[in-house]
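Note that ligands are numbered from 1 as they come in the structure, with each ligand's atoms numbered from 1 the same way.
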Amino acid sequence: MKYQGINLENVKLSNRSSILLLLNNNGAMSRKDIAETVGLTAASVTLICSELMEEGIIVELGEAAEEKRAGRKKILVDINPEYRNVLCIAVESDTTYIAVTDMKGNMLCNCSLPTDKHTKPEQFFRNVTDECQRLFWKNNIVREKLLGAAVTIPGSVDRKRGISLNTYSIWTESIPVADLIKKDLGLQVVVENNLKAYAQTEVYFGLGRTVSNLFILKWGPGVGASIIIDGKIYQGSNKMAGEIGHMTAVKDGRSCNCGRKGCLEAYVSTKAIADDVQAELDRTDENADKLERDENIEKIIDNKIDMLAFNLKNSISILDSKNVVLIGYMFEIPGYMERFIKAYKEYDPLVSDDFFVKTDLRVNREHTEGLAVFLNEAFLTA
Ligand SMILES: [Zn+2]
């Protein structure tokens, strides 16, 4: 068993944090296996586990089945899912999702509200915390049970200070998100870019456990990527790495939210596609040949898919990733993923069928990608 995920932030962890992160990553383990994996003596692991059990953070699960036959008892320990709850707030360009999960990522309750870009950010986050209070009240979530909150948001984020620097597609000013949430809810708050949070989840719980070079592509209201190199999320010198949506797709092309022209996102985001399809519908009147109109719309969509595939192919040529993980609303539309892979193969016929991976992580559906970020932060200081 290889110990992974923990070198993510290049931080020297306490022994306690190491054990918690290991359990978080691998699931239930025996004390002996923990000691071997993290390189501690059996005695110190036993001691730390006793402390963690007393605090209710971990629990004993009983004997491992295969060891029973050998006649030796092997008790497993794991993180106690019921220890505390975590509030996950996922701000996306159209909708903001709120969920409360346990320590294992099981969702206890959730709700959502539209992301209103015309509201001032301060007021918007007050609306968010009001919704959170209502959710807690309706579902009997007591404040003492909440360990803290994670906010995931598009664009660049100063994680240390809990500030969203620029969300591009929603607001352009910097927003002290952590302070705004903390003021209303009195919780420890971690803020992270939504794709980096997703990548962290993939590193801990998903494909990242076995594959150390990954490209995560998100296609939806925004277009973005997260790059995992040698098991670490690659940040870039301005924390802007992976902004595939802002690769230039057309010289002197459409204006983009980022202030530049011709960015990929200005052509292939959900809104850009919807606008172009609408323009086609407006162009042809109701009496037009329906078949021809449908064909034209499919051509528009094929063209968008081709643009995205072209830019991904060039990114992969530079990065040489082992796999590409496809996430986001657009890949959920029946047939779109297959069409995308077909378009990609026109640029690289040699690519193997298992190169593309559709994620089965539930955080993608449930918008709870903040949990991995929060647990990482909480365990680092444990
Ligand atoms: Zn742009």
Side-chain angles (χ1 to χ4, degrees), residues 90-96 115-118 121 124 152-159 163-175 177 191-199 215-228 233-279 300-319 321 324-331 336 340 343-344 347 369:
V91 182
E92 306 251 338
S93 37
D94 49 358
T95 308
T96 293
T115 304
D116 185 0
K117 57 185 85 175
H118 304 297
F124 175 73
T152 52
I153 191 161
S156 49
V157 167
D158 183 338
R159 181 165 158 178
I163 296 174
S164 159
L165 297 171
N166 191 338
T167 53
Y168 301 114
S169 54
I170 316 170
W171 302 283
T172 49
E173 64 256 62
S174 84
I175 309 162
V177 177
V191 184
E192 181 57 292
N193 166 275
N194 55 349
L195 265 157
K196 297 222 175 77
Y198 185 81
F215 191 98
I216 299 172
L217 175 65
K218 184 166 189 174
W219 184 24
V223 181
S226 199
I227 302 161
I228 298 169
I233 300 170
Y234 180 67
Q235 307 274 357
S237 51
N238 298 305
K239 301 198 189 315
M240 295 289 285
E243 292 285 356
I244 191 172
H246 301 283
M247 283 173 89
T248 306
V250 176
K251 191 180 180 188
D252 292 326
R254 293 178 183 174
S255 297
C256 177
N257 291 320
C258 74
R260 299 180 188 88
K261 275 186 170 178
C263 293
L264 180 65
E265 191 171 283
Y267 294 86
V268 308
S269 70
T270 314
K271 183 172 183 306
I273 295 174
D275 287 351
D276 288 355
V277 167
Q278 189 57 49
I300 290 172
I301 291 165
D302 276 336
N303 178 259
K304 308 285 183 186
I305 289 174
D306 176 73
M307 276 176 115
L308 186 60
F310 173 87
N311 282 281
L312 178 67
K313 166 64 182 68
N314 287 339
S315 308
I316 297 301
S317 295
I318 298 283
L319 293 166
S321 312
V324 171
V325 181
L326 302 174
I327 64 170
Y329 166 76
M330 292 303 286
F331 288 118
Y336 274 44
F340 177 77
Y344 188 93
Y347 294 104
E369 64 266 36

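With hydrogens and angles disregarded, a donor-acceptor distance shorter than 3.5 Å links the side chain of Lys304 to the backbone of Tyr267.
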Checking side-chain contact (heavy atoms from CB on, under 4.5 Å) for the pair Met330/Ile273: CA distance, chi angles, key distance, verdict?
-> CA-CA 10 Å; Met330 292 303 286; Ile273 295 174; 3.7 Å; yes
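Of the charged side-chain nitrogens involved, none lies within less than 4.0 Å of a carboxylate oxygen, so that Asp275 and Arg254 do not count as a salt-bridged pair.
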Solution key, residues 243-251 side-chain donor-acceptor pairs under 3.5 Å, sequence neighbours excluded:
none

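The side chain to side chain donor-acceptor pair (under 3.5 Å) check on Arg260 picks up nothing, with sequence neighbours excluded. The side chain to side chain donor-acceptor pair (under 3.5 Å) test applied to Asp94 returns no partner, not counting sequence neighbours.
Screening the protein for N, O or S atoms under 2.8 Å from the Zn ion (ligand 1) yields 4; no waters enter the count.
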